[in-house]
Engineer: 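The structure follows.
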Number of protein chains: 2
Amino acid sequence: MTQNTAPRPLRADAQRNIDSLLDAAKSVFATSGVDAPAKEIADLAGVGVGTLYRHFPKRADLVKAVFQHEVDATADAAPLLAEQHDPVMALEKWLHRYTEFLVTKRGLASALHSGDPAFDALPSYFLGRLGPALGSLLDAAVEAGEIRAVASPKDLLYAVSKLSLPMGDEEPEHGRRMLDLLVDGLQHGADKTGC
Amino acid sequence: MTQNTAPRPLRADAQRNIDSLLDAAKSVFATSGVDAPAKEIADLAGVGVGTLYRHFPKRADLVKAVFQHEVDATADAAPLLAEQHDPVMALEKWLHRYTEFLVTKRGLASALHSGDPAFDALPSYFLGRLGPALGSLLDAAVEAGEIRAVASPKDLLYAVSKLSLPMGDEEPEHGRRMLDLLVDGLQHGADKTGC
DNA sequence: TATAGTTCTGGAAGAGCGTTCCGCTTAGTT
DNA sequence: AACTAAGCGGAACGCTCTTCCAGAACTATA
């Protein structure tokens, strides 16, 4: 989905500029919101505005690309963490990575839900990438006998998002502590949940 | 909250212009979204842009005012319907009125959740006005023995919003039918709810 | 009703941003 | 090295936001 399958292989400098633009857009979106001036993004990327418009004709194209880029980066972190840490630690680290993603993408969330049909496919992209990523970490931890089985990766993604997002208003530490609590719960948790 | 208590009573033509602007903004927001050009709104209201900016210096001020205006209109419809119809019919008509509000305000919703602190007070304004309005209709219908008691006005407001909003994507009729079903349920519904 | 004192209005003006367009640059090819 | 075409930059145009103030409109007072 992020790479198109057309016969045109894309020139090397063009690909470099696209990467710069995505990096720049990520920063600028975080700083000035999704409605930041196009020139600000182009300047930070070290390209002209024409180049920005060549690769991302509409604002939604850029927002979508940044979002997918971040989803990919977060998903790709899972296998890396898995081979560098024991299962529970990998899971814990990845969930913290995920909350970072949630916080930095909060500005994008309102744009995503704005009704623009260009964004319709993003929620399923989100689940399609992050679900399996988290799933593999969970499976590894369950198989190692270090945590109890949990309903589904999707539920956990959802729960963690609810847990950490509203905290952004207050102190960021709070969300982090709540998440640690939840991971503890996975390890030593009670055998029954409420109704 | 909508009227300030200052000693200055506001000149008659100014009040007239404010009303025109609110009407115009309501239409334009529905047609072109909350980011519609200021001139479009001013023209439709038959005033200059200067007048728009005098009364609503920031875009958020206008959005907030339109929202509150619509909430007020929806809440004020309750007592009127109550004296024109029997309790169940009044309830049904008001809920349909409420779904209209939800649909037309869908464009505003994303702006409302955009994180602008100017909008922080709106959710509680929404509940504070619509909760009692619906509450009085429910009480009347319950006392008349025509429907069974329901958890709380707030829950019903929430449920109806969930029921009718996602339907906007498909056919508007669907949400309407779902709502009718719910009202039927209130009247003849089962004695027990699930877990 | 006439007058004085305010408030309020309209739209021109200045600044800034989005988007397009096309001559020039540079990667890839022979 | 020379050629070809993809890709680049940024000037230019048009649209929008926002400010500002001379004058119109309203209200209070006599």
Side-chain angles (χ1 to χ4, degrees), chain A residues 2-25 27-29 31-66 107-108 111 114 116 118-119, chain B residues 2-25 27-66 107-108 111 114 116 118:
Chain A
T2 58
Q3 210 69 357
N4 96 36
T5 59
R8 208 58 52 92
L10 202 57
R11 231 168 72 175
D13 57 339
Q15 184 60 58
R16 215 177 316 138
N17 282 332
I18 288 175
D19 292 342
S20 300
L21 281 167
L22 286 177
D23 274 357
S27 302
V28 172
F29 284 171
T31 312
S32 317
V34 282
D35 292 326
K39 182 149 195 309
E40 196 177 334
I41 298 170
D43 283 352
L44 184 60
V47 305
V49 284
T51 303
L52 170 57
Y53 280 96
R54 160 168 276 264
H55 295 300
F56 306 101
K58 307 209 67 169
R59 192 47 154 243
D61 297 328
L62 184 57
V63 173
K64 200 167 88 176
V66 168
L108 299 193
S114 65
D116 189 324
F119 298 135
Chain B
T2 58
Q3 211 68 357
N4 96 36
T5 59
R8 208 59 52 93
L10 200 58
R11 230 169 71 177
D13 58 340
Q15 184 59 59
R16 213 167 25 227
N17 281 334
I18 289 176
D19 292 342
S20 300
L21 281 167
L22 287 177
D23 274 356
S27 302
V28 172
F29 284 170
T31 312
S32 317
V34 282
D35 292 327
K39 182 147 196 309
E40 195 177 335
I41 298 169
D43 283 352
L44 184 59
V47 305
V49 284
T51 303
L52 170 57
Y53 280 96
R54 159 169 274 263
H55 295 300
F56 306 101
K58 308 208 67 169
R59 192 42 156 251
D61 297 327
L62 183 57
V63 173
K64 200 167 89 176
V66 167
L108 298 192
S114 66
D116 189 323

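Every value quoted in this text rests on a predicted model; they were computed, and no experiment measured them. By convention in this document, chain letters (A, B, ...) are assigned in the order of the sequence lines, proteins followed by strands, and residues within each chain are numbered from 1.
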Engineer: Tell me: OH of A:Y53 to C1' of C:dC17, nearest whole Å?
Structural biologist: 8 Å
Engineer: Tell me what A:V47 touches on the nucleic acid: a base, only sugar-phosphate, or nothing, going by heavy atoms under 4.0 Å.
Structural biologist: sugar-phosphate
Engineer: Pick the nucleotide of DNA chain D nearest each of B:A12 and B:K58; which residue has the one closer to the 5' end?
Structural biologist: B:K58
Engineer: For C:dA27 and A:R16 - does any side-chain N or O of the residue sit under 4.0 Å from the phosphate oxygens OP1/OP2?
Structural biologist: no
Engineer: Please confirm whether the shortest side-chain N or O distance from A:H55 to OP1 or OP2 of D:dG7 is below 4.0 Å.
Structural biologist: no
Engineer: Is it the case that C:dA27 (base atoms only) and A:R11 (side chain only) share a donor and an acceptor within less than 3.5 Å, ignoring hydrogens and angles?
Structural biologist: no
Engineer: Under 4.0 Å between a side-chain N or O of B:T51 and OP1 or OP2 of C:dG10?
Structural biologist: yes
Engineer: For a quick test of reading the model, state the closest non-hydrogen atom pair linking B:L21 to B:T51 and the distance between them.
Structural biologist: CD1-O, 4.2 Å
Engineer: Tell me the closest heavy-atom pair linking A:Q15 and A:L10, and the distance in Å.
Structural biologist: OE1-CD2, 3.1 Å
Engineer: Evaluate side-chain contact (heavy atoms from CB on, under 4.5 Å) for A:R16 paired with A:D19, printing each intermediate quantity in order.
Structural biologist: CA-CA 5 Å; A:R16 215 177 316 138; A:D19 292 342; 5.7 Å; no
Engineer: At under 4.0 Å, does any side-chain N or O of B:N17 touch on OP1 or OP2 of C:dC8?
Structural biologist: no
Engineer: To the nearest angstrom, how far is A:Q15 atom CD from D:dA6 atom C1'?
Structural biologist: 14 Å
